[in-house]
Number of protein chains: 2
Amino acid sequence: MVGGEEAFQAYLGRRGLKKTRQRDAIVREFVKARRHITAEDLHRTVARRHPAIGLVTVYRTLRLLEGAGLAKERRFGKTESCYEPVLGVGHHDHLICTACGGIFEFENVEIEGLQDRVASQHGFLIQDHKLEMYGICRECRKRGERRRR
Amino acid sequence: MVGGEEAFQAYLGRRGLKKTRQRDAIVREFVKARRHITAEDLHRTVARRHPAIGLVTVYRTLRLLEGAGLAKERRFGKTESCYEPVLGVGHHDHLICTACGGIFEFENVEIEGLQDRVASQHGFLIQDHKLEMYGICRECRKRGERRRR
DNA sequence: AGATATATTGAAAACGACTTTCACCTTCAC
DNA sequence: GTGAAGGTGAAAGTCGTTTTCAATATATCT
C-alpha cells in the first residue's frame, strides 16, 4: 500500500465521494499500522489525536478502503474482524498461536502454486485465498504450552 | 464421524452429562447432514420432526459436539458459522464461489506437506489449519460471472 | 465569495448471530 | 420412587457491526 493515501483519494474522486478530515486521519493511521488491526484498535489510535472521530466513521472508512482494494478484511478468531493494508505485491498467510493469540505472517510461493493448480483442476477462476494454521508457537512451547483464557 | 452418535454418548458419560431426547435428535440429524451446515439450517431440519426443540439447544449441542471433537466450526462468509462433522480421517479444504455462494471441498496432500514444513520452520506445533480459496466456479463462469446479492 | 446540492458526520437505535439467565422439567444414581 | 444435578425453551442480554437521522461539511456552480 505504497502511496495508499493518494490511491484512496483517487478512488474517492472517481466515485464522486468527498475527501474529509476524518477520512484523512483514519487512512493515515491505518497506513501507519502496516499490519492487521481491528476497527476498535484503529479507532483508539485515531482518537488520540482526533477525539471527536467516532468508531462508526472508522468502520465506514474501512469499508471504503476495502472497496478501493486498499484493505482486506480478515477474521481470525470468532469475534472481531481485522483489516490489513494491501501492500503492492506479495500475498501472505498466517500462523496463529492458540496459546498466546499471537499472529505470525509468512509467504510461501510453492503453496501458492499448488493452490492455483488445484483451483484450475476444479475449473475455478481464483480471486483470493487464505490459509491459516493454528498451533502453539515456539515461545509458548518453551513456556510449557500454557493456555490463555 | 463414523459411529458419531456412540462417541458422543461416551463423551457425555465421561463428563457427567446427560443423554436427552433433544440431543439425540440433533446429533442424528447432524450426522446425516454429512457436510457443513449452519446452526439455523440444522435447527430447521430437526424441527421438522421435533418442533419443540429450540435453536438454543441446537447451539448448545453443537458446542458439545465440538468439545467432543466430533464437529468443527468454520466461518466462510462474514455472517454465520458452519459446523461440519469430523470424519475419521482426511482433512479437506474449501473452494468458495463468490458468484453463487457454492462451497466445494478438496483434499491435497502436497499442500498439507508444505504447510507442515512451513510450520516447523517457524517452530510451530500445528494443531489445525484451514485453507479457503475464493473465486468463480466453472458453472458461474459459463453463465457469465453474474454476481449474487 | 455566496448559494446550492450532495455527501458525511456522530449518536443512538437497530441488527444478526450467538450466549446467558431463569423458572420449570428430565435424567439417572441411589 | 426420590432427589440432586443437569437440561430445557423463551426471553433477555452480548458483541461486533450497520443503519437511521438530523445536523454539518465539502465540492460545484454562479
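Each chain gets a letter, A, B and so on, in the order the sequences are listed, and its residues count up from 1.
The two residues Ile26(A) and Val46(A) come nearest to each other via the heavy atoms CA-CG2, 3.9 Å.
Between the OH atom of Tyr83(A) and the C1' atom of dT18(D) there is a distance of 11 Å, rounded to whole Å. Taking atom CD of Glu80(B) as the reference point, atom P of dT17(D) lies 16 Å away to the nearest angstrom. Taking atom CG of Leu62(B) as the reference point, atom C1' of dG7(D) lies 16 Å away to the nearest angstrom. Glu73(A) places its CD atom 11 Å from the C1' atom of dG16(D), with the value rounded to the nearest Å. Remark: P of dT8(C) and CD of Gln9(A) are 13 Å apart, rounded to the nearest angstrom. The CG atom of Leu55(B) sits 10 Å away from the P atom of dA17(C) (whole-angstrom rounding). In this structure, CZ of Arg21(B) is placed 7 Å from P of dT26(C), rounded to the nearest angstrom. Between Arg60(A) atom CZ and dC21(D) atom C1' the separation is 11 Å, expressed in whole Å.
With a 4.5 Å cut-off on side-chain heavy atoms, Asp24(A) and Gln9(A) count as touching. Counting heavy atoms from C-beta on, the side chains of His122(A) and Phe106(B) come closer than 4.5 Å.
Between Thr20(B) and dG6(D) there is no side-chain N or O to OP1 or OP2 distance below 4.0 Å. Tyr59(B) has a side-chain polar atom (N or O) that falls below the 4.0 Å cut-off from OP1 or OP2 of dC18(C). The shortest distance between the side-chain N/O atoms of Arg23(A) and the OP1/OP2 oxygens of dT8(C) is below 4.0 Å.
Between Phe8(B) and Tyr11(B), the two ring planes are parallel [angle under 30°; tilted spans 30° to 60°].
Comparing Ala52(B) and Val56(A) along DNA chain D, the residue whose closest nucleotide (by nearest heavy atom) sits nearer the 5' end is Ala52(B). For Gln22(B) and Ile53(A), each mapped to the nucleotide of DNA chain C holding its nearest heavy atom, the one lying further toward the 5' end belongs to Ile53(A). Of the two residues contacting DNA chain D, namely Ser81(A) and Leu17(B), the nearest-nucleotide position lying further toward the 5' end is that of Leu17(B).
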- Assess whether side chain to side chain donor-acceptor pair (under 3.5 Å) is satisfied between Glu107(A) and His92(A), documenting all intermediate values. CA-CA 5 Å; Glu107(A) 273 181 63; His92(A) 65 267; 5.9 Å; no
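Contacts between residues 42-51 of chain B and DNA chain C, defined by a heavy-atom separation under 4.0 Å, are absent.
For the salt bridge (Lys or Arg N to Asp or Glu O under 4.0 Å) criterion with Arg74(A), the lone passing option out of Glu84(A), Glu105(A), Glu66(A) is Glu84(A).
A donor and an acceptor atom sit less than 3.5 Å apart, one in the side chain of Lys18(A) and one in the base of dT6(C).
Looking at Arg75(B), its side chain does come within 3.5 Å of a backbone N or O of Thr79(B) through a donor-acceptor pair.
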